[in-house]
Amino acid sequence: MTEDVKINRGLKGIYFERSGVSHIDGAKGELLYRGYTIHDLAEHSTFEEVCYLLIHGELPTADALAAFDAQLKAGRTLPPQIHEIIHATRDGHPMDVLRTCVSALAALEPASHDKGEDGFLQNGLRLTSQVPMIIAAHQAIRNGRDPVPADPTLSHAANWLWMLKGEKPSADAARLADVDFILHAEHGANASSFAARVTVGTEANLHGAMVTALSTLAGPAHGGAAEDVMKMVQEIGKPENAAAYVKQKRGNREAVTGFGHRVYRAEDPRARHMRDGVRKLGQEMGAPEWYEILQAVVDAMKPYARHGLNVNVDFYSGVIYQLHGIPMDLYVPIFAIGRMPGWLVQCLEQQRSNILIRPLTLYNGPDARPYLPMDQR
Ligand SMILES: CC(=O)SCCNC(=O)CCNC(=O)[C@H](O)C(C)(C)COP(=O)(O)OP(=O)(O)OC[C@H]1O[C@@H](n2cnc3c(N)ncnc32)[C@H](O)[C@@H]1OP(=O)(O)O
Ligand SMILES: O=C([O-])CC(=O)C(=O)O
């Protein structure tokens, strides 16, 4: 029909909106949250501070941060029915359980239907606190233990590890989790945030948008990559096997997971912090071989780097979780913990100047034709 129309498959390179939250320079490999480089934030900030920055646009004063932190801590409660739902779905993938529980919270908490700007904010902050609780409670229940109650003296990251493992994390372990959350907190119009914005565009509630985001994050082309990288590392087994593995994948024109990105052509700036974390943790724990395997894959992929194929944020994160003894199926849910403020702020931006997001598909099916009665088909 309209053959001259240009189709942008996957919306590659298309700007659909303006955003004041994060800036990605794919050619240079740079990422800013509200004007601050991800490197400064990863080195000097905390997840709570980054949440505040993303949502309010400025770094908090000490008083503002204390009030914000108190609000996050006050959100660390779950209706008792959530534990019943987790019991009923305990054998499911943690991402399915998490998504189901967030959906159930919409039905259990009347405030979830407040679609004003403040309603979105309050619901989003409460969910930011509830999401790690759901994941940790599922991990406890599927292992026959009672969920560990939240500890109001601990930061978001330390409390997550406490609820997950039932023991107080070391300062280093808590800081590594904190940095992981900072690095994953926000990334512009990535697939899950875009999907959440589509949901808000229809004037649906925030919980609905979060369910959309969680569904979209789960795929291996997006948040699921960290789990696949860990499986790849296990399959490779030793650094000397990496070159043959990559050769076979490239020969079959299959993706090597943890590489490639829709926007970055230079290395994803978040990867460097995770790489440092894997190297340090591996040495400390007497398990340097995981890092060596990862670096052998990077070496084998070097010929493709000049075509813009470099490691992304998910390449190193799985091994960090593995070294912490965290099961592989929790890797995507951990990404979701970090991404909560990013989804929230994208939803807030969408809501502030809302418009239905509804592109076109160019029809290439049959021309108009008469309906055929059953006996003539
Ligand atoms: C947090 C995140 O979501 S980060 C991404 C996490 N996902 C992964 O790590 C999974 C592996 N990577 C991929 O599948 C892809 O790189 C994606 C989905 C992330 C991005 O895909 P796109 O933007 O559509 O890239 P596209 O498919 O256009 O790739 C361009 C070229 O690079 C190749 N390529 C892209 N990624 C990879 C990869 N991981 N391994 C090998 N080759 C790759 C493609 O085959 C294509 O080559 P061609 O032009 O010869 O056909
Ligand atoms: O931006 C993307 O397409 C994917 C990504 O790296 C993220 O969501 O962090």
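Here CG of Asp96 is found 9.0 Å from OG1 of Thr89. Values are rounded to the nearest 0.5 Å. Rounding to the nearest 0.5 angstrom, the gap separating the CZ atom in Phe181 from the OG1 atom in Thr46 is 12.5 Å. Note: Tyr36 OH to His44 NE2 = 12.5 Å, rounded to the nearest 0.5 Å. Rounding to the nearest 0.5 Å gives a distance of 9.0 Å between CG of Asn159 and NZ of Lys168. Taking CG from Asp178 and OG from Ser155, the interatomic distance works out to 6.0 Å, rounded to the nearest 0.5 Å. The OG1 atom of Thr128 sits 11.5 Å away from atom CZ of Arg76, with the distance rounded to the nearest 0.5 Å.
Atom CZ of Arg369 sits in a sparse spot, with 12 or fewer heavy atoms from other residues, nucleotides or ligands closer than 6.0 Å. Counted within 6.0 Å of CD on Gln248, heavy atoms from surrounding residues, nucleotides or ligands total 12 or fewer; the atom is thus considered open. Counting heavy-atom neighbours within 6.0 Å of Lys28 NZ, excluding the residue itself, gives a total of 12 or less. Other residues, nucleotides and ligands contribute at most 12 non-hydrogen atoms within 6.0 Å of the CG atom of Asn364. Asp146 CG: 12 or fewer foreign heavy atoms inside a 6.0 Å radius. The 12-atom threshold is not exceeded at CD of Glu203, counting heavy atoms of other residues, nucleotides or ligands nearer than 6.0 Å.
Side chains of Glu227 and Thr257 form no contact here, defined as non-hydrogen atoms less than 4.5 Å apart. Asp25 is not listed as a side-chain neighbour of Tyr264, based on a closest heavy-atom distance of 4.5 Å or more.
Here the rule is salt bridge (Lys or Arg N to Asp or Glu O under 4.0 Å) with Asp268, and of Arg270, Arg265, Arg272 only Arg270 fits it.
Aromatic rings of His222 and His187 (six-membered ring for Trp) have centroids beyond the 6.0 Å cut-off, not under it.
Of the charged side-chain nitrogens involved, none lies within less than 4.0 Å of a carboxylate oxygen, so that Glu235 and Lys231 do not count as a salt-bridged pair. A salt bridge links Asp299 to Lys302: at least one charged side-chain nitrogen sits closer than 4.0 Å to a carboxylate oxygen.
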(Q) Using side chain to side chain contact (heavy atoms under 4.5 Å, CB included), reason through Arg275 and Lys280 one step at a time and then give a plain yes or no. (A) CA-CA 9 Å; Arg275 177 167 50 230; Lys280 198 163 159 260; over 6 Å; no
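Cluster note: Val198 groups with Leu11, Ile14, Phe16, Phe194, Ile357 through ILVMFWY side-chain heavy atoms spaced under 4.5 Å, whether in direct contact or through intervening members.
A continuous path of hydrophobic side-chain contacts links Ile82 to Val148 [ILVMFWY only; heavy atoms under 4.5 Å]. Each of Phe47 and Leu32 belongs to its own hydrophobic cluster when Ile, Leu, Val, Met, Phe, Trp and Tyr are linked at side-chain heavy-atom distances under 4.5 angstrom. In terms of hydrophobic clustering, with Ile, Leu, Val, Met, Phe, Trp and Tyr side chains grouped at heavy-atom distances under 4.5 Å, Leu31 and Val313 are assigned to different clusters.
A side-chain donor-acceptor contact under 3.5 Å links Glu349 to the backbone of Gly20. Side-chain N or O atoms of Glu58 include none that pairs as donor or acceptor with a backbone N or O of Leu53 at under 3.5 Å. Checked by atom type and distance alone, the side chain of Trp162 pairs as donor or acceptor with a backbone atom of Pro149 at under 3.5 Å. Under a 3.5 Å cut-off, the side chain of Asn241 and the backbone N or O of Ile236 do form a donor-acceptor pair. No donor-acceptor pair closer than 3.5 Å links the side chain of Ser193 to the backbone N or O of Ala189.
Using modelled atom types, one finds a donor on one side chain and an acceptor on the other under 3.5 Å when comparing Gln350 with Asn354. Looking only at atom types and distance, the side chain of Gln122 has no donor-acceptor partner in the side chain of Glu117 under 3.5 Å away. Between the side chains of His113 and His207, no donor-acceptor pair of N or O atoms lies under 3.5 Å. Judged purely by distance below 3.5 Å, without hydrogens or angles, the side chains of Thr61 and Asp63 never pair a donor atom with an acceptor atom.
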Which donor-acceptor pairs under 3.5 Å do side chains of residues 327-347 form with protein atoms, sequence neighbours excluded?
from   : atom 1 : to     : atom 2 : distance (Å)
Asp329 : OD1    : Arg142 : NH2    : 2.9
Asp329 : OD2    : Arg142 : NH1    : 2.8
Tyr331 : OH     : Gly318 : O      : 3.3
Tyr331 : OH     : Gln322 : OE1    : 3.4
Arg339 : NE     : His184 : O      : 2.6
Arg339 : NH1    : Asn190 : OD1    : 3.3
Arg339 : NH2    : His184 : O      : 3.1
Trp343 : NE1    : Ser192 : OG     : 3.0
Gln346 : OE1    : Arg197 : NH1    : 2.6
Gln346 : NE2    : Glu186 : OE1    : 3.4
Gln346 : NE2    : Glu186 : OE2    : 2.9

